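Below is one structure; the comments refer to it alone.
Just so it is clear, the model here is predicted, and its values are computed rather than measured.
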Amino acid sequence: MSVGVERAAAGRPQRPCRFERSDREKTVSFGERVAGHGGDLVAVRHHLPAPRLVRYVACIPVRNEADRIDRCLSSLWDEFGPQAHILLLVNDSCDETEAIVSSRIAAGDLSATLVVMRWRDGLGTAPRARALAFELAGQIASEARLFSTDGDTIVCRGLMKAYDDAFDQGFDLVCGRIGFIPEEALWLTPVDPRRDAAIRAYRDASREIASLIFPDSDNPWPHHGNIGGANFAITADAYRQAGPIPRVPFGEDRALRRRCEAHGLRILYADGPRVETSCRLDRSATGGLAAELLRNRTEPDPVVDEALEAPIRLLRRLRLRHLVEREEDRSRLVVLLVRGGMTPDRAQDIADLSNRRMAWFHVEEELASLRRERLAFSAMERSLPGLLRLRDKIAGAPRGSLPFREG
């Protein structure tokens with residue numbers, strides 16, 4: 001079924017668009033959902049040549065990607081064919097992105113939906129756009145797996161099979177590999193090799209420490225340990241449990257992963273599903289990849305990823321998580337949470353939760369002492385020897401234990 005572009009009347013919501021699914025039509029009001037997220041619908045175009053075949057919905061928030069969107073769409077179609085429906089949320093764009101996507105849909109060579117919208121009062125952010133794209137995707141194919149990627153990203157061959165294999169093993173959230181588009185990487189100003197090596201060593205040591213204390217049979221160390229909006233997929237059931245994508249300033253992918261962890265969902269850091277993304281420095285998203293790449297190339301002492309904590313703060317976080325998840329004396333846990341700044345009633349509520357992963361989720365969200373503070377690179381580099389000593393000490397302790405006194 002193919003429907004032409006429908007323009008929303010000014011000040012009025014877009015009339016419902018109709019989609020065919022399982023031999024029946026389902027009416028979905030895009031206008032109401034866009035409005036619920038703080039935007040106004042401008043236009044919709046969609047084409048579903050074979051809805052029965054759709055097993056994935058590729059969710060793509062897009063803003064000003066005219067130079068890259070055609071290659072993104074081609075790579076998706078080459079890899080998935082009609083087994084994926086492509087949902088493009090073109091938000092606040094002022095280039096030719098909409099026209100390029102519309103022409104591809106008009107040609108009939110994509111199973112795709114184009115939603116064009118404008119944010120009100122400067123509300124638009126990458127996390128908001130991704131959350132809205134996921135919500136619209138759920139209306140198109142409610143049981144399909146949701147695949148997250150970006151308009152400046154190219155899907156590599158073998159990605160769908162790698163995701164299928166992981167989901168067939170019972171995983172709920174699968175986080176794939178993300179690399180740079182090779183020809184763009186050639187033009188990227190190189191970073192100081194010493195800085196790059198120190199950051200990699202610090203990140204790896206931090207992840208290894210966590211894996212030593214909280215072993216994960218699904219992800220034995222080493223693993224890439226990363227989730228990025230350019231390449232992850234989640235089942236419909238898992239997203240209904242852990243979603244929606246949180247409306248955070250940035251890092252919505254990590255925030256969704258934390259919710260999945262809290263619900264006890266199975267997560268896999270997979271090497272098989274691969275994409276290549278742009279490494280340009282002029283992206284508009286706040287706090288994203290471009291900002292990190294730019295800081296590392298223009299600032300003498302840039303801040304690093306918030307996940308790279310000073311050893312004493314990492315130790316405090318892991319120690320408290322160990323207590324929340326494994327302490328059998330819950331009254332003792334209440335005392336420790338109150339000591340950390342939580343009210344007695346709230347501490348008791350959390351201690352009473354039967355799902356201890358959910359208890360940790362709330363503790364990490366609510367305790368001011370656990371708020372992450374970004375280190376400057378120089379401070380991180382000075383902390384690296386201490387972090388490596390901590391890793392070695394934990395590695396020498398009994399598996400899953402902490403080599404220091406609790407309480």
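Looking only at distances, no side-chain donor or acceptor of Tyr269 sits under 3.5 Å from a matching main-chain atom of Arg177. The backbone N or O of Ser148 lies less than 3.5 Å from no partner atom in the side chain of Asn231, so there is not a single donor-acceptor pair. Put simply, the side chain of Asp172 gets close to the backbone of Arg266: a donor and an acceptor are under 3.5 Å apart. For Thr153 (side chain) and Thr149 (main-chain N/O), no donor-acceptor pair under 3.5 Å exists by modelled atom type.
His46 NE2 to Phe30 CZ: the interatomic distance, rounded to the nearest 0.5 Å, is 6.5 Å.
The minimum heavy-atom distance between Leu370 and Arg313, with the atom names listed, is C-NH2, 4.2 Å.
A salt bridge does not link Arg374 with Glu309: none of the charged nitrogens is closer than 4.0 Å to a carboxylate oxygen. A salt bridge does not link Arg257 to Asp253: none of the charged nitrogens lies less than 4.0 Å from a carboxylate oxygen. Between Arg280 and Asp152 there is a salt bridge, with a side-chain nitrogen of the basic residue lying less than 4.0 Å from a carboxylate oxygen of the acidic one. Ion pairing between a basic and an acidic side chain is recognised when a charged N comes within 4.0 Å of a carboxylate O; Glu252 and Arg128 show no such pairing. A salt bridge links Arg71 to Glu183: one of the charged nitrogens lies within less than 4.0 Å of a carboxylate oxygen. By the 4.0 Å N-to-carboxylate-O rule, Asp150 lies too far from Arg63 to be salt-bridged with it. Ionic pairing of Glu184 and Arg68 is present here: one or more N-O contacts between side-chain nitrogen and carboxylate oxygen are shorter than 4.0 angstrom. A salt bridge is defined here as a Lys NZ or Arg NE, NH1 or NH2 lying under 4.0 Å from an Asp or Glu carboxylate O, and Arg145 with Asp164 meets this definition. A salt bridge links Asp165 to Lys161: one of the charged nitrogens lies within less than 4.0 Å of a carboxylate oxygen. Under a 4.0 Å N-O distance rule, the pair Arg240/Glu143 qualifies as a salt bridge.
There is no side-chain donor-acceptor pair under 3.5 Å between Asp109 and Trp77. Side-chain contact annotation: Ser206 with Arg391, donor-acceptor N/O pair under 3.5 Å absent. The closest side-chain donor-acceptor pair between Asp168 and Tyr163, if any, does not fall under 3.5 angstrom. When only modelled atom types and interatomic distance are considered, Arg247 and His37 share a side-chain donor-acceptor pair under 3.5 Å. Thr235 and Asp237 share no side-chain donor-acceptor pair at under 3.5 Å.
Taking a 6.0 Å sphere around CZ of Arg357, one finds it holds 12 or fewer heavy atoms contributed by other residues, nucleotides or ligands.
Side-chain rings of Phe80 and Phe147 approach one another, their centers coming within less than 6.0 Å. Aromatic ring centres of Trp221 and His223: separated by under 6.0 Å.
Between Ile86 and the options Thr113, Ile105, Leu110, a side chain to side chain contact (heavy atoms under 4.5 Å, CB included) holds for only Leu110.
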